[in-house]
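To start, the structure itself, in structure tokens.
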Amino acid sequence: MGYRYFDTFAKEVRYPFGFGLSYTEFALRSGTPVQKGAWVELPVTVTNTGKVSGREVVQAYVSAPRGSFAKEAQRLATFAKTPELAPGAVCEVTLRVRLEDCASYDTAASRWVLEEGDYLLRVGRHSRDLTAAAVLRMSRTQVLMQCQPCCTPPAELEELAPPETLPAFAADGAPVVEIETGCLSARTVVYGDPEVEESPLVRRTLDRLTPAQQAELLRGGELQRVPAGTHEIHGAGGKTSTALLQEGIPNLVMADGPAGVNIVNRVCITPDGTPKAVDIPERYNWGALAASLKARMCKDDGSDGVVVHRYATAWPVELLLAQTWDVDLLRAVGDAVGTEMEKFGVSVWLAPGMNLHRNPLGGRCFEYYSEDPFLTGTLAAALVGGVQSHPGCAACVKHFCCNDSEDNRNGISANVSERALRELYLKGFEIVVRDAAPRTLMSSYNRINRVYTANNHDLLTHIPRCEWGFAGLVMTDWNSCNERAGNPEDCAPAGNDLVMPGSAYDLAQILQAIETGSLPAKTLRRSAARVLALLEYSGRLK
């Protein structure tokens with residue numbers, strides 16, 4: 001995919017991956033690499049050799065040893081961005097390479113490994129402008145994680161074979177780091193359905209709810225239903241259940257992203273303090289959402305209350321943010337989004353989007369970062385970290401995963417080998433879960449190897465929860481479960497806790513599954529507990 005394909009097959013490109021325009025020039029000089037535990041650190045001196053000020057992105061790419069697993073020429077291993085440097089100014093950045101990010105997935109043995117041999121680390125300004133900086137030498141093959149097959153294709157796939165001879169890059173006398181493998185832990189994954197650690201408040205709340213009431217927590221609050229006492233923000237994407245307000249269980253609000261907090265900009269505050277819409281922005285003027293808003297609209301002349309404006313910042317879409325390669329900037333954007341979430345009363349921001357750019361015609365490429373999973377995961381982790389630095393504010397990482405087509409998105413099956421799935425399509429999600437611990441994930445519309453993601457136990461439980469340690473809530477994408485797509489009753493058993501935006505059909509199917517025993521009480525409680533835990537985190541559940 002992307003530059004990995006072009007570099008592996010030695011295809012000429014107009015703009016190499018990582019290429020950036022600048023008004024100035026830079027010279028890079030690599031220092032002495034050092035292993036520090038599970039990382040290798042490499043200092044790089046950057047000099048502005050041009051005539052105007054500017055910033056540079058220093059990039060490092062790794063080429064695996066040409067053994068059993070090497071299928072690509074190179075991959076991005078890490079990067080760092082300099083501060084603004086005046087002409088002639090010099091600074092030093094430290095590139096930190098996590099050794100496990102250099103690993104390959106051995107499909108035959110279901111394990112992540114660092115294969116014996118030399119990993120060549122090259123540093124430069126983009127993927128076609130690189131100089132050898134270090135040789136990371138593995139004296140033996142190291143198993144990092146013993147897994148089990150997950151999301152396996154239903155039949156053998158015809159894959160694009162790499163060239164018989166991969167591009168060779170000279171080490172040019174680069175210093176050798178003999179990797180000490182003792183600091184690389186090997187783990188055997190224990191699979192199953194991890195228990196939820198219920199807080200005292202969550203436990204007390206669940207203990208007083210009947211199974212039917214717990215089932216209400218497993219679906220959203222519906223866009224059209226706004227009973228008295230509902231926490232409502234007009235134009236927001238959805239909310240958790242409002243069916244248990246009389247039981248003292250409030251709802252929380254989710255606002256769409258990724259280009260900012262998406263809500264209706266003008267509302268009328270009625271004398272009893274209830275906000276109501278006064279107009280319908282064009283982007284919301286469709287179907288049930290428009291009907292719901294019209295039924296609750298006020299006049300905008302002030303006769304029904306005080307008209308107020310609630311303008312949220314419109315941030316550049318992720319496709320553009322990613323071009324900065326600026327981790328600090330992404331964290332600052334997330335921080336600003338969190339500030340607005342607090343101001344408007346939003347608990348969950350439905351962002352960032354994290355699928356890869358397989359094709360420029362992909363319908364949602366603008367709200368995804370990159371063709372590269374490392375860049376995607378690193379920037380998304382910074383954004384999530386900024387949002388969740390605000391207590392009670394949660395990010396929802398989406399669309400999990402392989403949501404690469406908007407055409408027939410509720411029916412298409414992304415058929416992919418397990419290795420490609422793990423090394424490419426899941427890797428960015430793994431990085432953001434590992435580095436930022438997002439509170440929520442959103443499953444996608446599509447199927448993977450013929451199984452709907454919303455109902456895929458391997459995808460939603462075995463991989464994120466058992467392998468990565470994800471402990472948050474998983475929700476569906478909006479209307480991805482219905483009579484023509486995924487099954488709402490199969491969501492909780494798969495590890496998908498919340499069906500959004502919620503409907504009577506969803507509840508009926510869930511209640512029927514409880515009655516027949518296909519949705520056991522333990523599974524029901526586990527998903528309900530995750531919903532309540534999110535409510536408690538948001539500060540809504542008391």
Side-chain angles (χ1 to χ4, degrees), residues 1-5 17-18 59-62 72 74-79 96-98 100-105 112 127 145 150-151 257-258 317-327 330-331 333-334 350-359 362 364-388 395-404 414 416-444 446 448 453 459-460 463-465 467-470 472 474 477:
M1 180 191 295
Y3 75 93
R4 295 193 186 191
Y5 164 77
F17 181 72
Q59 304 166 38
Y61 295 76
V62 65
E72 62 191 7
Q74 60 184 3
R75 70 176 70 165
L76 180 67
T78 192
F79 63 92
R96 302 184 74 237
V97 178
R98 191 192 299 257
E100 68 179 56
D101 287 337
C102 303
S104 300
Y105 189 75
W112 285 97
S127 67
M145 183 185 296
C150 290
C151 300
V317 293
E318 290 167 349
L319 172 65
L320 295 181
L321 288 177
Q323 307 314 306
T324 68
W325 294 58
D326 193 330
V327 173
L330 270 289
R331 186 175 292 109
V333 170
L350 304 174
M354 290 189 55
N355 288 295
L356 300 182
H357 295 167
R358 290 187 62 240
N359 187 304
R364 304 185 86 157
C365 277
F366 68 95
E367 62 180 46
Y368 299 145
Y369 289 96
S370 170
E371 67 201 64
D372 180 76
F374 181 83
L375 180 62
T376 292
T378 301
L379 295 179
L383 189 79
V384 169
V387 170
Q388 295 187 170
C396 181
V397 174
K398 63 184 187 182
H399 305 89
F400 193 65
C401 63
C402 295
N403 181 201
D404 300 319
V416 58
S417 71
E418 187 178 0
R419 180 175 180 184
L421 182 68
R422 288 177 175 277
E423 291 192 8
L424 286 170
Y425 302 101
L426 290 175
K427 195 63 180 178
F429 290 98
E430 179 184 359
I431 290 171
V432 76
V433 167
R434 178 188 70 196
D435 294 348
R439 289 282 172 169
T440 65
L441 289 175
M442 182 190 293
S443 59
S444 53
N446 54 284
I448 291 179
T453 64
L459 182 70
L460 302 183
I463 291 175
R465 299 193 189 279
E467 295 183 9
W468 303 346
F470 176 70
V474 178
D477 206 339

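A quick note: this is a predicted structure, and the numbers were derived from the prediction, not measured.
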task: Might you work through the side chain to side chain contact (heavy atoms under 4.5 Å, CB included) test for Thr378 and Leu375, ending with a clear yes or no?
output: CA-CA 5 Å; Thr378 301; Leu375 180 62; 5.8 Å; no
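- Contact annotation: the side chain of Pro373 approaches that of Arg4 to within less than 4.5 Å [non-hydrogen atoms, C-beta and beyond].
- For Trp325 and Phe374, the ring centers sit 6.0 Å or farther from each other.
- Shown here for Cys401 and Phe429, the closest heavy-atom pair between the two residues is CB-CE1, 3.8 Å.
- Between Glu430 and Arg434 there is no salt bridge, since none of the side-chain N atoms of the basic residue sits less than 4.0 Å from a carboxylate O of the acidic one.
- Counting only distance, with no hydrogens or angles, the side chain of Gln388 and the backbone of Arg439 share a donor-acceptor pair below 3.5 Å.
- Of the inter-residue distances, the one linking Asp372 atom CG with Leu424 atom CG reads 8.5 Å to the nearest 0.5 angstrom.
- Contact detail for Val474 and Ser443: the closest heavy-atom pair is CG1-N, 4.5 Å.
- Atom OG of Ser104 and atom CZ of Arg422 lie 13.0 Å apart (nearest 0.5 Å).
- Smallest separation of non-hydrogen atoms from Leu76 and Ala60: CD1-O, 3.6 Å.
- In plain terms, the two heavy atoms of Cys365 and His357 that are nearest each other are O-NE2, 3.0 Å.
- Remark: the backbone N or O of Asp101 is paired with a side-chain donor or acceptor of Arg75 at under 3.5 angstrom.
- Of the listed residues (Thr78, Ile431, Asp435), just one forms a side chain to side chain contact (heavy atoms under 4.5 Å, CB included) with Arg98, and that residue is Asp435.
- With a 6.0 Å radius and a threshold of 12 heavy atoms from other residues, nucleotides or ligands, Arg419 has its CZ atom above the threshold.
- Panel note: side chain Arg331, backbone Val384; no donor-acceptor pair is recorded below 3.5 Å.
- If you run side chain to side chain donor-acceptor pair (under 3.5 Å) between Ser444 and each of Thr453, Asp404, Asn355, only Thr453 comes through.
- Contact detail for Cys150 and Ile463: the closest heavy-atom pair is CB-CD1, 3.9 Å.
- Annotation for Ala395 and Pro352: closest pair CB-CD, 4.5 Å, computed over non-hydrogen atoms.
- Distance check: Arg364 CZ to Asn403 CG gives 5.5 Å after rounding to the nearest 0.5 Å.
- Here the CG-CG distance, from Leu330 to Leu383, works out to 5.5 Å after rounding to the nearest 0.5 Å.
- For the side chain to side chain donor-acceptor pair (under 3.5 Å) criterion with Tyr105, the lone passing option out of Glu423, Glu418, Lys427 is Glu418.
- For the pair Val433 and Pro438, the minimum side-chain heavy-atom distance is below 4.5 Å.
- Taken to the nearest 0.5 Å, the CH2 atom of Trp468 stands 4.5 Å off from the CG atom of Leu426.
- In terms of modelled atom types and a separation under 3.5 Å, the side chain of Ser370 and the main chain of Thr376 share no donor-acceptor contact.
- Of the possible polar contacts, none joining the Asp477 side chain to the Phe400 backbone as a donor-acceptor pair under 3.5 Å is found.
- Only one option out of His399, Glu318, Lys398 pairs with Tyr368 in a side chain to side chain donor-acceptor pair (under 3.5 Å); it is His399.
- In this structure, Thr324 contributes its side chain and Leu321 its backbone to a donor-acceptor pair below 3.5 Å.
- The SG atom of Cys402 sits 6.5 Å away from atom CG of Asn446, with the distance rounded to the nearest 0.5 Å.
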